[in-house]
Amino acid sequence: MAKWLVKTEPSECSINDFAKAPDKSIPWDGVRNYQARNFLREMAVGDEVFIYHSSCKRIGIAGIVKVVRGAYPDPTQFDPASAYHDSRSTPAQPRWQAVDMKFVHKLPRLVQLDELKGLPGLEGLPLIRRGNRLSVMPVSEDEWQIILRLT
DNA sequence: GCCAACGTTGGC
DNA sequence: GCCAACGTTGGC
């Protein structure tokens, strides 16, 4: 099983949105970056995913969710009313993908971005590189364990 | 709210 | 295919 990390603004979707409906799968849609989309495509059912809260007061990794449905065409791209609408997409040729995720658990405490910076073993994680904007990224098994060990 | 970093767009 | 301009991300 592969591991991943996704960024989200908690005002849009936070770990608490998963926690309060643990049996409900939540679509991870609206990704509009090609590199991030390519990673979404690689996600498989059962993969675990860190939820990272960005652009907020308490920045960091808040919890874990899991993939319950692999990549499928992101419906928001076809919806003219959606903020994520993309007129270049057609159902025959969708540009963007979504996956569905479900709650696993919150971390015992928030692992802050500060703590991850400079931590040995995380040098390759795009998250901690200055100016990085990738919102979906793979996490190696070693990186995953290093992060969990902090909690 | 600022601004650096980066991805995307579009003119040539 | 280059690259300047622009828009967005995201930490501070």
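Just the heavy atoms: all of them, side chains too, but no hydrogens, waters or symmetry mates, feed the values below.
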* **Validation row, ring centre A/Trp96 to ring centre A/Phe78 under 6.0 Å** =>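 Between A/Trp96 and A/Phe78, the centre distance exceeds or equals 6.0 Å.
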
Test item: [X] side-chain N/O and [Y] main-chain N/O as donor-acceptor pair under 3.5 Å:
| X | Y | value |
| --- | --- | --- |
| A/Lys7 | A/Leu134 | yes |
| A/Asn38 | A/Tyr34 | yes |
| A/Ser14 | A/Asn16 | yes |

* Asked: Reckon A/Ser54 touches a base, only the sugar-phosphate, or nothing at all at heavy-atom distances under 4.0 Å?
  ->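 The residue A/Ser54 makes sugar-phosphate contact but no base contact.
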
* Touch class at under 4.0 angstrom, heavy-atom based, for A/Lys117 against every strand present ->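 It contacts sugar-phosphate atoms only.
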
* **Nucleotide B/dC3, atom P - distance to CZ of A/Arg130 in whole Å** =>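 So the two atoms are 13 Å apart, to the nearest Å.
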
* Atom-to-atom span, CG of A/Leu127 to P of C/dG11 - whole angstrom ->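 Result: 8 Å.
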
* Asked: Which of parallel (below 30°), tilted (30 to 60°) and perpendicular (above 60°) describes A/Phe39 and A/Trp4?
  ->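 Rings of A/Phe39 and A/Trp4: tilted, 30 to 60°.
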
Anything under 3.5 Å between a protein N or O and an N or O of nucleotides 7-10 of chain B, put it in a table, one pair a line.
residue, atom, partner, partner atom, Å
B/dT9, OP1, A/Arg88, NH1, 2.8

* Crowding at CD, A/Glu123 (>12 non-hydrogen neighbours, <6.0 Å) ->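 Atom CD in A/Glu123 is packed in, count exceeds 12.
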
